[in-house]
Amino acid sequence: MAGGDVFSTIRFRMQDGNDIGPMPVNVSLNINAVKEKLLQEWSKDPTKEAPKAIADMKLILAGQVLENSKPLSELKMPTSPDTVVTMHLVIRPPASPKPRDKSHGEAGKVSKCSCVIV
């Protein structure tokens with residue numbers, strides 16, 4: 001840690017209740033850089049399935065989804081080494097395969113509906 005750098009201790013809480021950290025994070029970093037740091041931490045543990053990209057991650061602090069370009073210094077987090085800030089980490093689930101369009105594979109089958117009123 002350089003002399004002029006200010007760090008905040010952050011714990012990242014995931015939806016399943018597991019935590020990443022706490023870890024010291026330089027408050028001059030923006031949210032995008034914090035997400036990159038999280039991906040690096042994730043890659044150290046091969047048993048955990050990491051998100052595919054930074055865009056799949058959302059960080060939430062005090063009920064607000066944090067913008068990627070916003071620096072941590074604007075969040076006015078405590079920088080005391082005794083204080084741990086908890087951010088919620090939401091991971092977008094992997095996209096499910098798109099359902100096959102039935103009109104392409106079943107061109108010979110045409111569904112008809114008819115009603116008879118007596």
Side-chain angles (χ1 to χ4, degrees):
M1 293 185 195
D5 292 343
V6 179
F7 288 81
S8 186
T9 305
I10 303 176
R11 170 190 311 127
F12 301 93
R13 170 113 348 129
M14 296 187 298
Q15 292 169 305
D16 60 4
N18 290 327
D19 291 341
I20 298 174
M23 65 176 79
V25 178
N26 191 329
V27 296
S28 66
L29 296 176
N30 62 17
I31 298 300
N32 200 43
V34 173
K35 289 179 181 181
E36 288 175 3
K37 186 172 181 168
L38 275 171
L39 278 177
Q40 289 173 356
E41 286 295 317
W42 229 312
S43 66
K44 292 178 183 176
D45 187 359
T47 61
K48 294 182 181 178
E49 186 177 340
K52 302 289 184 218
I54 291 173
D56 294 338
M57 301 166 54
K58 298 283 183 209
L59 289 177
I60 301 171
L61 179 66
Q64 294 182 353
V65 176
L66 303 178
E67 298 173 21
N68 284 341
S69 60
K70 187 173 233 175
L72 290 176
S73 58
E74 288 184 12
L75 302 177
K76 298 186 172 58
M77 296 186 310
T79 55
S80 165
D82 300 332
T83 305
V84 178
V85 176
T86 300
M87 285 189 183
H88 293 271
L89 172 62
V90 179
I91 307 297
R92 182 181 313 164
S96 60
K98 293 182 181 178
R100 206 175 84 206
D101 188 5
K102 293 180 182 178
S103 63
H104 293 296
E106 302 173 5
K109 296 181 182 178
V110 178
S111 82
K112 295 182 180 179
C113 179
S114 61
C115 297
V116 178
I117 301 175
V118 186

Return the minimal non-hydrogen interatomic distance between Arg92 and Ala55, and the atom names on each side.
NH2-O, 3.3 Å
Have a look at Leu66 and tell me which of Val34, Leu75, Ile60 forms a side-chain contact (heavy atoms from CB on, under 4.5 Å) with it.
Leu75
Are Val85 and Val6 linked, directly or through other ILVMFWY residues, by side chains that come within less than 4.5 angstrom of each other?
yes
Note, Met57 side chain near Leu39 side chain (heavy atom, < 4.5 Å):
yes
Quick check for you: to the nearest 0.5 Å, what is the distance between Ser28 atom OG and Phe7 atom CZ?
7.5 Å
If hydrophobic clusters are built from ILVMFWY residues whose side chains come within less than 4.5 Å, do Val84 and Val27 share one?
no
Heavy-atom check, side chain of Leu59 versus side chain of Leu38, under 4.5 Å:
yes
Any side chain to side chain donor-acceptor pair (under 3.5 Å) involving residues 54-71? Give me the pairs, sequence neighbours left out, ordered by first then second residue.
Lys35-Asn68
Do Leu72 and Asn30 come within less than 4.5 Å of each other through their side chains, counting heavy atoms only?
no
Glu41: what forms a side chain to side chain donor-acceptor pair (under 3.5 Å) with it, not counting sequence neighbours?
Lys44
For a quick test of your reading: what N or O donor-acceptor pairs under 3.5 Å do the side chains of residues 10-21 make, sequence neighbours left out?
residue	atom	partner	partner atom	Å
Arg11	NH1	Thr86	OG1	3.0
Arg13	NE	Asp19	OD1	2.5
Arg13	NH2	Asp19	OD1	3.4
Arg13	NH2	Asp19	OD2	2.9
Asp16	OD1	Asn18	N	3.0
Asp16	OD2	Asn18	ND2	3.1

